[in-house]
Number of protein chains: 2
Amino acid sequence: MSTPVRTAAPRRATINDVAREAGTGKTSISRYLNGEMNVLSPDLRARIEAAIVRLHYQPNQMARGLKRGRNRLIGMLVADLTNPYTVEVLQGVEAACHALGYMPMICHAANEVEMERRFLALLTTYRVEGVIVNALGVGEDMLRPLGNGGIPVVLVDRSVSGLEADMVGLDNTAAAQVGTRHLLERGFDEICFVVQPFDNVSSRRQRQAAFGDVMRDVSGAHGLTVVLDLNDEASVGRALAALDHTVDAAAAAGRRIAWFAANAPVALRVALHLKARYGAHWQERVALLSFDDPDWAELAGISTIRQPTCDIGYRAVEFLSQRIDGATEAARDCLLAGELIVRASTGR
Amino acid sequence: MSTPVRTAAPRRATINDVAREAGTGKTSISRYLNGEMNVLSPDLRARIEAAIVRLHYQPNQMARGLKRGRNRLIGMLVADLTNPYTVEVLQGVEAACHALGYMPMICHAANEVEMERRFLALLTTYRVEGVIVNALGVGEDMLRPLGNGGIPVVLVDRSVSGLEADMVGLDNTAAAQVGTRHLLERGFDEICFVVQPFDNVSSRRQRQAAFGDVMRDVSGAHGLTVVLDLNDEASVGRALAALDHTVDAAAAAGRRIAWFAANAPVALRVALHLKARYGAHWQERVALLSFDDPDWAELAGISTIRQPTCDIGYRAVEFLSQRIDGATEAARDCLLAGELIVRASTGR
DNA sequence: CTGTTAGCGCCTTCAC
DNA sequence: GTGAAGGCGCTAACAG
């Protein structure tokens with residue numbers, strides 16, 4: 001038993017239809033929709049209710065938004081949905097939106113700066129009430145127009161130089177310290193920090209800096225930072241060659257080396273390389289630790305630093321909501337603590 | 001050097017402002033916005049251009065949509081963004097939307113049927129022009145209102161009984177046959193098909209049926225289907241116990257058994273269990289093959305059946321677009337071919 | 001080529 | 001308590 005996709009009358013009922021059906025004016029319908037029940041006689045109220053049901057009426061958010069100047073839409077610009085971190089943050093965002101009555105418009109830029117620009121313009125065009133940004137290439141210049149247009153911005157995971165906006169993310173410095181010290185305690189005095197280009201991404205910068213600081217403070221310890229751009233195969237090749245060299249050198253000295261990946265995509269990339277080069281037992285050559293805690297980390301037995309992703313998303317929406325409601329205090333930074341999860345790769 | 005998030009005048013320029021600034025009427029502005037350049041004198045056109053830049057004018061999509069009855073918004077309802085399959089389909093959807101000038105509103109129901117219902121209502125409320133659905137619990141009853149309201153629906157990965165709508169997804173039967181035969185060829189005559197509850201999900205049903213059919217046709221082969229509900233730990237426990245039993249029995253007979261996971265989340269769950277039970281070398285006990293091809297499959301060396309996810313998303317939008325443009329032909333099913341990727345788990 | 005006039009569906013004074 | 005009238009920002013006939 002199947003029925004056609006669309007039937008006769010695609011025209012949806014409007015507030016006028018309901019008013020006529022209920023034998024009243026549209027004002028009362030509007031009042032009903034906005035919950036001003038105390039200003040409606042029980043009788044009228046019942047008639048309206050019935051009319052709405054009979055006509056399958058659903059108010060048009062767009063028209064509503066046009067009139068009152070707010071449409072309950074917020075934009076969520078993310079650089080990479082492929083990164084589990086992003087999806088987890090999203091869950092927090094969605095939960096908070098649900099709780100606060102917002103609808104998130106999720107924009108996935110797929111690591112392309114041009115896309116980010118396009119989406120930001122698009123969001124403005126749809127008059128979202130606020131925007132949460134976890135992007136790659138957006139700078140102060142792209143975000144300022146929003147601010148000037150009265151659209152508040154909350155940054156996730158990374159700040160944007162020159163822009164004073166609320167930010168929520170991991171306490172990168174503390175987390176990188178914990179991770180680095182963990183490796184040192186496990187007896188690794190030679191550690192490679194593997195990170196994507198970090199000049200324009202504050203979180204990567206902070207992680208790298210904290211790693212470097214800890215290593216510098218420990219005598220006999222030797223820290224190396226290797227930059228790897230996942231969007232540039234040539235760069236990846238060079239970085240992996242440099243990394244391979246560290247493995248060989250360590251092996252020659254009869255030691256195992258530790259690599260510290262600045263996020264999950266990097267960890268996956270280097271792990272795949274190690275597996276291709278050394279086979280299934282690559283972990284005997286390299287001890288891998290990674291920021292983020294993707295689901296495959298447990299399967300692969302890789303130690304990680306888990307971020308409070310869900311909280312991050314939730315807090316971002318809360319901040320945004322406050323700004324939308326007119327909060328005018330100075331920009332806030334909300335840094336949440338990470339959690340070191342020790343597995344076989346660096347464990348025992 | 002940092003500056004405050006919001007400055008004085010949050011009021012955005014409207015078409016009227018631009019008209020005044022350019023010394024003309026709003027009609028001309030509207031024409032300019034809609035690209036009717038051939039109907040504008042070069043002079044007027046230049047003035048408008050200048051005014052728009054000077055005022056940082058950006059047309060309001062909402063108002064525009066309200067007037068012309070279409071807002072270029074399409075809804076994308078997905079059950080689980082945690083599943084890499086979903087994200088990949090999304091990429092196709094986004095690409096197609098970009099190409100066709102639509103903006104997808106992504107709704108993530110996080111495997112909760114109640115959420116799916118809510119989002120569907122919300123999308124209607126925002127008057128999206130069409131909806132792409134890859135959900136769990138939505139049935140004909142939840143989708144029909146959209147159709148009646150003139151909002152076309154395209155299904156992804158699974159059909160909905162009683163609803164005649166375009167559908168695009170994997171050719172499950174062929175893919176399951178290929179996978180099953182691959183295992184048989186590798187010498188496994190005992191295979192467990194592990195799948196989430198499939199009564200209400202057509203794709204799972206088809207995969208299971210094709211598996212069963214192939215196994216039945218081969219004498220000496222023994223196929224078992226184990227149902228595992230990832231949202232119900234008790235169910236998972238029972239399923240894993242049953243699965244463990246197959247491993248033990250096979251081991252007692254000096255054989256290795258094969259498990260065939262109906263999707264990536266299932267594969268991950270059972271792999272984690274195997275690792276916990278048998279240690280890092282669990283693959284010596286069980287040969288795992290899985291639908292979907294998550295990025296960790298390569299790392300873990302697990303054979304998979306990769307779906308043409310990106311195409312699926314792209315086609316879904318194309319179908320939807322045609323319906324939005326008024327196509328009225330009978331509902332179409334678009335079944336795309338999968339690709340078997342042999343790795344160590346079942347390889348050589 | 002250009003401007004004037006109605007609304008799209010809804011909310012919001014302001015009277016009754 | 002209730003309704004009529006005006007307008008949010010924009011488009012789409014009509015006239016000129």
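Naming convention: chains lettered A, B, ... in sequence-line order (proteins, then strands); numbering from 1 in each chain.
Applying the 4.0 Å criterion to OP1 and OP2 of C:dG3, one finds that B:Thr24 has a side-chain N or O inside that range. For B:Ser41, no side-chain nitrogen or oxygen approaches OP1 or OP2 of C:dC1 to under 4.0 Å. Dashed line: the shortest gap from a side-chain N or O of A:Thr14 to OP1 or OP2 of C:dC8 is not under 4.0 Å.
Between B:Gly23 and A:Gln61, the residue whose closest nucleotide on DNA chain C is further toward the 5' end is B:Gly23. Place A:Gly25 and A:Leu66 on DNA chain D by their nearest nucleotides, and A:Gly25 ends up nearer the 5' end.
A distance-only check finds a donor-acceptor pair linking the side chain of A:Arg47 to the backbone of A:Gly23 [under 3.5 Å]. A donor-acceptor contact shorter than 3.5 Å links the side chain of B:Asn71 to the backbone of B:Tyr126. One N or O on the side chain of B:Glu116 and one on the backbone of B:Leu136 form a donor-acceptor pair closer than 3.5 Å. With A:Asp17 contributing its side chain and A:Thr14 its backbone, the two residues share a donor-acceptor pair below 3.5 Å.
The P atoms of D:dC10 and C:dC1 are separated by 25 Å, rounded to the nearest whole Å. Between the P atoms of D:dG9 and C:dT2, the separation comes to 25 Å (whole Å).
For the pair A:Arg332 and A:Phe319, the distance from NZ or CZ to the six-membered ring centre is under 6.0 Å and the angle to the ring normal is within 45 degrees. Remark: B:Arg12 is not positioned above the aromatic ring of B:Tyr57, lacking an NZ or CZ atom under 6.0 angstrom from the ring centre and at most 45 degrees off the axis.
At whole-Å resolution of the value, CD1 in A:Ile48 and P in D:dG1 are 14 Å apart. Atom pair A:Asn71:CG and D:dC8:P shows a separation of 17 Å (rounding to whole Å applied). C:dG9 atom P lies 8 Å from atom CG of A:Asn16, rounded to whole Å. In this structure, B:Arg20 atom CZ and D:dC10 atom P are separated by 12 Å, rounded to whole Å.
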### Query
What string of B, S and - do you get for nucleotides 11-16 of chain C, 5' to 3', when a contact is any protein heavy atom under 4.0 Å?
BB-B--

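In terms of heavy-atom proximity, B:Ala51 sits nearest to B:Glu21 at CB-CG, 3.5 Å.
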